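The structure displayed is predicted, hence computed values, not measured ones. Labels below follow one simple rule: chain letters A, B, ... track the order of the sequence lines, proteins then strands, and each chain is numbered from 1. Heavy atoms only: backbone and side chains are in, while hydrogens, waters and symmetry mates are out.
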Number of protein chains: 4
Amino acid sequence: MGRASKGEERRAQIILALQDVMAEKGYERASIKSIAQAASINPGLVHHYFGNKQEILVSLVEDLGQRLHTRYIQQIEESEDAPRARLFAFIDAYVGLGPGADPKAVACWVSIGAEAIRQPEVRETFMRFMRDTLEQIKLRLTEVLADEGRQITNIEALASVLLASIEGSYTLAMAVPGLTPQGYASPTLKQMIVGLIEQQPLREGKESST
Amino acid sequence: MGRASKGEERRAQIILALQDVMAEKGYERASIKSIAQAASINPGLVHHYFGNKQEILVSLVEDLGQRLHTRYIQQIEESEDAPRARLFAFIDAYVGLGPGADPKAVACWVSIGAEAIRQPEVRETFMRFMRDTLEQIKLRLTEVLADEGRQITNIEALASVLLASIEGSYTLAMAVPGLTPQGYASPTLKQMIVGLIEQQPLREGKESST
Amino acid sequence: MGRASKGEERRAQIILALQDVMAEKGYERASIKSIAQAASINPGLVHHYFGNKQEILVSLVEDLGQRLHTRYIQQIEESEDAPRARLFAFIDAYVGLGPGADPKAVACWVSIGAEAIRQPEVRETFMRFMRDTLEQIKLRLTEVLADEGRQITNIEALASVLLASIEGSYTLAMAVPGLTPQGYASPTLKQMIVGLIEQQPLREGKESST
Amino acid sequence: MGRASKGEERRAQIILALQDVMAEKGYERASIKSIAQAASINPGLVHHYFGNKQEILVSLVEDLGQRLHTRYIQQIEESEDAPRARLFAFIDAYVGLGPGADPKAVACWVSIGAEAIRQPEVRETFMRFMRDTLEQIKLRLTEVLADEGRQITNIEALASVLLASIEGSYTLAMAVPGLTPQGYASPTLKQMIVGLIEQQPLREGKESST
DNA sequence: TATGAATGAGGCTTCATTCAT
DNA sequence: CATGAATGAAGCCTCATTCAT
């Protein structure tokens, strides 16, 4: 797993530079020149490490996804072992801080969502990450439902709404700052999840709570 | 109420053309030339009606917002008079169909959210619409809570999560099509809302259902 | 001599509008649209009165020249009858106030001098005025020299330097405002002229009049 | 003092190209394309060396100013040591030949004077040069007056008229060629200066030196 | 006369990418 | 690896001029 050769370092430098510039100007307006400047390297050098601009973007998507996943793993490790705790750890990792705990990263992530609509290569990478994330949500939900004696139905839709809420909270946070209350997302999402869970019918003759 | 002078028609033509091109290529790649072509007019004419490209975008934001609001009004009129029905009408208007019942409109809306991060003029218009929408959600929620004898607390956060879920569902629908189940959003969101409502404590000694 | 028909008024309006816009932006950046706005008329109307933009400029040159000449005639009429007084009246008309007593007019005049270098039609009109002016200077100088018993030689060069000083004072006044002292030009030019005159040899042993 | 790196050469090439094109068409009509052609380089390359068109113009102003100053220094070195000779050397440098001994340079200089009215950045550079030049004139004049026992008053105004005469002679030379006699400027200006000097009162009853 | 829509050319600038050194 | 010069294609916008009404 020999990471961090000179080349890898350079690549990482460039990817982070794209993140910085893109957070400020968006993808299209992030010129190779400006990226190079942000990375403190020569413009011509960028194309030694990436075939074209889009490749940097794809790498950034991977990088941001990786960072989010890493945070999630950490939160899981620090959390209690109970299913609910693990589900909440997921929420904390993904909205408590957003991707990378970094406003720049969140801004990029929103732009990436938009770029993914048009650029197949970006979509592919973005989608892979979203699919994995959705799987995790389903896992955590199933775990909780099982643990609490609820029927496991409709998981796909529940997980989708949760994922949408997370993505949407990024958009709101960046595009309409100040409109939504500070720090509302994490606790309210947890509350919402609890609500959803408790609407699931009990597995064996028990009455559902509705 | 003389609507649609010649100039207004042209403007509408151009705004719709931006929507079409932008849905396919995104804002930055929607060139004035391609917009003019989509509108079947001369490229030079675009700047006869709009000072610059951004003005078209801002007009499109207003237009899309207006369309959504109109749909909402219609749904309200068609719905029953009960508070819950009105809240659900809101959901149907905003996610049952997305902005404009039109995939193009949804694609644009996601891009607009991203552009709003960087372009103050776009943000302003986008934000005004989001603020109004948030107010509507709060109104509808308050109505329901009052009607069902629940305490009215935490409305701001509840509404924010709902708004985020809607926005996020647009992003998922366009950027990772097929990942989430068809038509999941509207019913699941309603379910989620019910869950959230029923977690609100009762106003007078009655037991909450949790 | 029926002046001021409706058409003539419109033309004058447009010419003055060019002056206003040109003073602020220069000739090339004075668009037909901005000229029309300054004239409070419709852009399309401009080409009813002038074949093209250059024609307006040529008319402006004529207009400014006319104004200057008119001022000169007035000053002459108000001045004493002595040759020196008439020469000084010339100076007062041309630099005491500049063309039209109007900073805008002076700014235009400097630009016109530059445009005359490249545009033959402008040069022709500009040159006609300059030739007439030079003739006036020579007349006034000859008059003075004759009156003061000086030999009349070198008039052409003397007049040219005087004309150059006037033109140069416009450039300095507009391009480097504040660099030269307020109101220096008129008295100092008079002083310079006196110096030049008194260097002319006497015609027949008479003493100079100073 | 390593002058003329590759980049500096290119810059100089472009600046001279602007001079050539501008002499023929004026600043606004000197397109980047035509400048590139005159410099025998690719149009896109121009913006590799200059941020925008105006920067080229400002550089040209500096370049022309430098050339004039250099000529003046040379004339001074070649002239006698007497104050009058030095003052006359100034005149020869500035009008005997015009800026750069080059009609193109003179044509540009006139246009620059006009552009300076509108473009602050151009004005600043133009003004700096004019200020320096005015200082030189004052120096030379003071020197002469001191040497010839004249009172040193009114220097500012005398110098201003001289500077105006020089600038004006450029305008006349380019805008109305043939109107003024060939080569009139230098000798007549000298004559005018002598006239001005000899009008200055003597410091202490001494006779003037003429 | 008057309006303002329409045309089409061209200008400045930006930029991804390639290449010589 | 690294530099930064070079290329050429767009892109946005401005504008003089024409034209239908």
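Of the residues in residues 54-63 of chain A, not one places a heavy atom less than 4.0 Å from an atom of DNA chain E. For DNA chain E, the residues of residues 22-42 of chain D within the heavy-atom distance limit of 4.0 Å (strictly under) are D/A30, D/S31, D/I32, sorted by number.
Each of D/G51 and B/G44 lies near DNA chain E, and the nucleotide nearest B/G44 is the one positioned closer to the 5' end. If you find the closest nucleotide of DNA chain E to C/Y49 and to D/K53, the one lying nearer the 5' end belongs to C/Y49. With DNA chain F read from its 5' end, the first of the two nearest nucleotides for D/P43 and C/P43 is the one closest to D/P43.
For the OP1/OP2 pair of F/dG4 and a distance below 4.0 Å, the side-chain nitrogens and oxygens of D/R10 include no atom meeting the criterion. At the phosphate of E/dT17, OP1 or OP2 sits under 4.0 Å from a side-chain N or O atom of A/H47. Between F/dA6 and D/H48, no contact under 4.0 Å exists linking OP1 or OP2 to a side-chain N or O.
D/R118 and C/A107 get closest at one heavy-atom pair: NH1-CB, 3.9 Å. Closest approach of B/C108 to B/A23, counting heavy atoms only: SG-N, 3.8 Å. Between C/G65 and C/W109, the shortest heavy-atom contact is N-CZ3, 4.2 Å. The heavy-atom pair separating D/A116 from C/A175 by the smallest distance is CB-CB, 4.0 Å. Residue A/L60 comes nearest to A/M22 through the heavy atom pair CD2-SD, 4.1 Å, listed as atom of the first residue, atom of the second, then distance.
Residues A/L64 and A/R67 form a side-chain contact, since some pair of their non-hydrogen atoms from C-beta on lies under 4.5 Å apart. Contact of the C/V58 side chain with the C/Q119 side chain is not registered, since no non-hydrogen atoms from C-beta on lie closer than 4.5 Å. Side-chain contact between A/F129 and A/V61 is absent, with no heavy-atom pair separated by less than 4.5 Å. Taking the side chain as every heavy atom from C-beta outward, C/R10 and C/F50 never approach each other to under 4.5 Å.
Across the protein-nucleic acid pair, A/R11 atom CZ and F/dC1 atom P stand 12 Å apart, rounded to whole Å. Atom CD in B/E8 sits about 14 Å away from atom C1' in E/dA5, given to the nearest Å. B/L45 has its CG atom 18 Å from the P atom of F/dT18, to the nearest Å. Atom pair D/I14:CD1 and F/dA6:C1' shows a separation of 12 Å (rounding to whole Å applied).
Stem regions for DNA chain E, each three or more consecutive Watson-Crick or G-U pairs with both distances under 3.5 Å and listed by first number, read E:2-21 with F:2-21.
Put simply, the side chain of D/Q13 gets close to the backbone of D/A39: a donor and an acceptor are under 3.5 Å apart.
Distance noted for atom P between F/dT21 and E/dT1: 22 Å (whole Å).
Between A/K53 and A/E121 there is no salt bridge, since no side-chain nitrogen of the basic residue lies less than 4.0 Å from a carboxylate oxygen of the acidic one.
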